[in-house]
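Note that these values count all heavy atoms, side chains included, but never hydrogens, waters or copies made by symmetry. Numbers restart at 1 for each chain; the letters A, B, ... are given by sequence-line order, proteins then strands. Model, not experiment: these values are computed from the prediction.
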There are 2 protein chains.
Amino acid sequence: MTRAGRSQEEIRQRNLGALLRHVHLAGAVSRSELADRMGLNRSTILALTAELTSAGLVREELPRDTGRAGRPSLVVRPEPGRFHVLAFDVRVDRLVAARVGLGGVVLDRREAVRQRAGADLEDVVGVLAGFGHDLLRRTRPGSLCVGVGAAYCGMIRPADGTVRYGPNMGWVDQAFGTELGRRLGLGLPVPVGNEAHLGALAEHQRGVGIGVQNLVYLHGDVGVGGGIIVGGKLLDGDGGYGCELGHMMVNPYDGRPCECGSRGCLEAEVGERALIDAAGRSGDLSGREGVRAVVEAAERGDPAAREALHRIGDWLGIGVANLINLFNPGMVVFGGMLREVYPGSAAQVLSRVEANVLVASRERVRLRVSALGDDVTLAGAAELGFAKLLADPLDVLAETRARAGTRRRRTLTPTTS
Amino acid sequence: MTRAGRSQEEIRQRNLGALLRHVHLAGAVSRSELADRMGLNRSTILALTAELTSAGLVREELPRDTGRAGRPSLVVRPEPGRFHVLAFDVRVDRLVAARVGLGGVVLDRREAVRQRAGADLEDVVGVLAGFGHDLLRRTRPGSLCVGVGAAYCGMIRPADGTVRYGPNMGWVDQAFGTELGRRLGLGLPVPVGNEAHLGALAEHQRGVGIGVQNLVYLHGDVGVGGGIIVGGKLLDGDGGYGCELGHMMVNPYDGRPCECGSRGCLEAEVGERALIDAAGRSGDLSGREGVRAVVEAAERGDPAAREALHRIGDWLGIGVANLINLFNPGMVVFGGMLREVYPGSAAQVLSRVEANVLVASRERVRLRVSALGDDVTLAGAAELGFAKLLADPLDVLAETRARAGTRRRRTLTPTTS
DNA sequence: GTACTTCCTTCTTCGGGAGGACAAAGTTGG
DNA sequence: CCAACTTTGTCCTCCCGAAGAAGGAAGTAC
């Protein structure tokens, strides 16, 4: 049982958070609209916005040209450039870091390509922490970092950001989050999320899936990861390891071998290598560029490439059909490399959905391609960094200011190692 | 965004509901324990219990022999025999109705076997409504019916209790809930739930799955239904049609034909007929008794029966492995006819789990057999009937009393049609 | 310029929960 | 059997958050 809405302070805290979240996600909302959406009185909205304004989180402006009768409602916007988070993204083929402002604006970013082969924890964290310090150094003074978030292409223990299983780098039980936090030296914890989990959140909050309370997101890179939104919240499971739809067995007989040691997993049948092999191009192509080449060949009419996309689509369709039967979602979103693959495979996917999904569940489901492109995961990481602030704005600010105070007192030189 | 914990009244309502739910599920809880579990002050618990006591929902008693130092805390129990719900259960092979008291005690019940072949909506509703009237007639005066709930072995539209797809009876879009409500004539809506959904809830609240926040429940009868608890709540999806794990495709090549029109669905590979066919007994056995016969034969050492269970277990294992990868649950529960099948198939299931589930997700998962037996679904239906009361106790009581008033005023003869 | 609409702001009221003080009811130990 | 200790029940006051009414402000419509 969750403890109900306990004391009044908790209410205030939650309402402040909810209001800030609305502003953060919408960019600009009028007070009257906030009152409507949150089901609160005008007076209450006044009190809440006043508190957030004086905290420096939002600002209020007169709108221009409402066009409607009556006194125009003040518009609440996130205060630009006063608070930000650091977002990190460890992808299969590159490392990305960004400074993201309240409202979700990417203020600055750094990027490095990386070899697909194994990499050392030290190296990866070193590059990312370097990016982080650089981003902070170039921040105009007065802007405070209120959180950090990281996306990683592997299985993560949410409690401490440990990489349980990262097939691309060959990592097993590496303390990624803790280590990155230590190297950043900000005194902030670094929550880490699986790339597909965070992609799902991002598409749900800022992508094609806005307003969709039940959403299945498939993220393709080397394998296929998943993020599933159930009732507006990410499905995480007991340990945070849920949504592993890439290892759903779809081909129990002559399944292709999978990284995980099994055979016939969805990701073995529809991943990069499956597509390239199916197109008969395993000699000359590989990786994301390989996938692009096959897709482009198919668009030009190449029969082998088209046939390969169809074959992938059939397996993908089985997986998607199973997922729709299980989750009865309002939308299925294809992201990562599947964004490019899906259009050429859509017919097969749809026909599997038609054949295998019960009518009631397929009546209203929409199949879409990711709207946020390659930066979905980065956006998700940023949201992870904002999560605490949106849950309890004043508390996070107090902590942040306390931390800034002690740091300034302790040393006058910047805290880069 | 859900509107936060709005006004104070809403808090009070939720706290009353939460307290009543604790009492309902635990049977008897001390006030100090309630304060602990709900995170509320002693004074508040006092106020809440006082309100529920004066409403007649609970009573407080002196405990006997606490054994601990200090003044003994008063024990709060559900008031017996003052409020009840009607629970209905449409199973594959029988119709069940029961009067269930607060706390989950079955006070009285009626049951009728039914042919497995198609049945008319009118007939089924007629029998159930008759049971309902009979149960109410034999209630001692002063006991009020505060809700109704029904379980149905098919796909249900939760909004109005319409059976979208009921393969066993050949029903499509039949207004079961509405019709049963009309025939009962209580002025109460009749929420209807899928049997496996409700089974999952029941096992989660009163069965092996108490305290397990992420739980997968598989319910076997002719087919295989599913109910999945995610973060303590039933996964329903956009239309309430989620959890259809029975139509997960596990055998895309030489799959057995399924009721749904497809082939290779989980329920086609592990359902009653699959087992009986696999045992080579399709000539002389069928239905639930057929399953029992095969299981008993296997227990006596019959090789064909044992082999059949192993084969079923292998397919079941694929399905279960997929589910564990997707949901990372704390427990998987086998109910309905799977309760009998599972022990003889466990080795195969476990070996599939071992082979196909990623380590992190299988570290802690437990596989168990249903604890509530054949009445899981009935228990779930009762909980459905109690749901409103537990969400807003005083409101439901007010409505109930108002209804009782108007009914008594309108007619002096009982309201049986 | 007047009527109308919609919103902002202030002030008061209401209600829920926390917390302290004291009484009550049990155990423990002599 | 009594005193010390522990834990809880009950009462009372305080605090705080939200609602709601009233009056003013800032737009549009005609």
Side-chain angles (χ1 to χ4, degrees), chain A residues 2-20 28-55 58-76 392-395, chain B residues 2-20 28-54 58-77 392-395:
Chain A
T2 58
R3 50 184 53 187
R6 200 167 37 164
S7 77
Q8 293 101 296
E9 294 117 70
E10 229 178 79
I11 292 202
R12 179 38 81 92
Q13 169 188 321
R14 291 175 53 166
N15 281 345
L16 281 173
L19 200 158
L20 189 56
V29 208
S30 75
R31 297 223 306 223
S32 66
E33 209 175 327
L34 284 168
D36 267 8
R37 286 206 234 169
M38 295 177 64
L40 293 173
N41 192 289
R42 282 212 295 265
S43 329
T44 312
I45 297 292
L46 165 69
L48 293 171
T49 49
E51 207 157 344
L52 291 180
T53 303
S54 80
V58 303
R59 73 159 39 149
E60 293 182 281
E61 290 170 359
L62 280 168
R64 41 180 111 248
D65 278 349
T66 64
R68 290 191 323 175
R71 179 175 177 173
S73 189
L74 292 179
V75 167
V76 187
D392 189 350
L394 302 184
D395 187 56
Chain B
T2 60
R3 49 183 55 186
R6 200 166 39 162
S7 77
Q8 292 103 300
E9 295 116 69
E10 227 177 81
I11 293 203
R12 178 38 80 90
Q13 167 189 324
R14 290 176 53 163
N15 281 346
L16 281 173
L19 199 158
L20 189 56
V29 208
S30 75
R31 297 224 303 222
S32 65
E33 210 176 327
L34 284 169
D36 267 10
R37 285 206 235 168
M38 296 177 63
L40 293 173
N41 193 288
R42 281 211 299 266
S43 332
T44 311
I45 297 291
L46 165 68
L48 293 171
T49 50
E51 206 156 346
L52 291 179
T53 303
S54 80
V58 302
R59 71 159 40 149
E60 294 182 282
E61 290 170 357
L62 280 168
R64 39 180 111 247
D65 279 349
T66 64
R68 291 190 323 175
R71 178 175 179 174
S73 190
L74 291 180
V75 167
V76 187
R77 299 180 178 282
D392 189 352
L394 301 184
D395 186 55

Using whole Å, what does the distance between atom [atom2] of nucleotide [N] and atom [atom1] of [X] come to?
{"X": "Leu19(A)", "N": "dG17(D)", "atom1": "CG", "atom2": "C1'", "answer": "15 Å"}
{"X": "Leu46(A)", "N": "dA19(D)", "atom1": "CG", "atom2": "P", "answer": "13 Å"}
{"X": "Asn41(B)", "N": "dA21(C)", "atom1": "CG", "atom2": "C1'", "answer": "13 Å"}
{"X": "Glu60(B)", "N": "dG9(D)", "atom1": "CD", "atom2": "C1'", "answer": "10 Å"}
{"X": "Arg12(B)", "N": "dG16(C)", "atom1": "CZ", "atom2": "C1'", "answer": "6 Å"}
{"X": "Leu16(B)", "N": "dG17(C)", "atom1": "CG", "atom2": "C1'", "answer": "13 Å"}
{"X": "Glu10(A)", "N": "dC15(D)", "atom1": "CD", "atom2": "C1'", "answer": "16 Å"}
{"X": "Met38(B)", "N": "dG16(C)", "atom1": "CE", "atom2": "P", "answer": "14 Å"}

What pairs of nitrogen or oxygen atoms, one from the protein and one from nucleotides 5-8 of chain D, lie under 3.5 Å apart?
unit_1: dT6(D); atom_1: O2; unit_2: Gly70(B); atom_2: N; d: 3.2
unit_1: dT7(D); atom_1: O2; unit_2: Arg71(B); atom_2: N; d: 2.7
unit_1: dT8(D); atom_1: OP1; unit_2: Ser32(B); atom_2: OG; d: 3.2
unit_1: dT8(D); atom_1: O4'; unit_2: Arg71(B); atom_2: O; d: 3.2
unit_1: dT8(D); atom_1: O3'; unit_2: Ser73(B); atom_2: OG; d: 3.3

Please enumerate all residues that pass side-chain contact (heavy atoms from CB on, under 4.5 Å) together with [X], with sequence neighbours excluded.
{"X": "Gln13(A)", "result": "Asp392(A)"}
{"X": "Thr44(B)", "result": "Leu40(B), Asn41(B), Leu48(B)"}
{"X": "Leu74(B)", "result": "Arg31(B), Glu60(B), Leu62(B)"}
{"X": "Ala55(A)", "result": "Leu57(A), Leu394(A), Leu397(A)"}

Produce the list of close N/O pairs, under 3.5 Å, pairing protein atoms with atoms of nucleotides 12-14 of chain D; give distances to one decimal.
none

Considering non-hydrogen atoms only, spot the tightest contact between Leu52(A) and Pro393(A) and give its length. CD2-CB, 4.2 Å
Taking all non-hydrogen atoms of both residues, which atom of Pro72(A) and which atom of Pro63(A) are closest, and how far apart?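 The pair with the smallest heavy-atom distance is CB-CG, 3.7 Å.
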With sequence neighbours left out, write down each residue that passes side chain to side chain donor-acceptor pair (under 3.5 Å) with [X], or none if nothing qualifies.
{"X": "Arg42(A)", "result": "none"}
{"X": "Ser30(A)", "result": "Ser32(A)"}
{"X": "Glu61(B)", "result": "Arg77(B)"}
{"X": "Arg71(B)", "result": "none"}

For Arg68(A), salt bridge (Lys or Arg N to Asp or Glu O under 4.0 Å) partners two or more places apart: none
Overall bend - the helix from dG1(C)-dC30(D) to dG30(C)-dC1(D), comparing terminal axes fitted on five pairs, nearest 10 degrees: 20°
When you measure from the side-chain N and O atoms of Asn15(A) to the phosphate of dA18(D), is any distance below 4.0 Å, counting only OP1 and OP2? yes
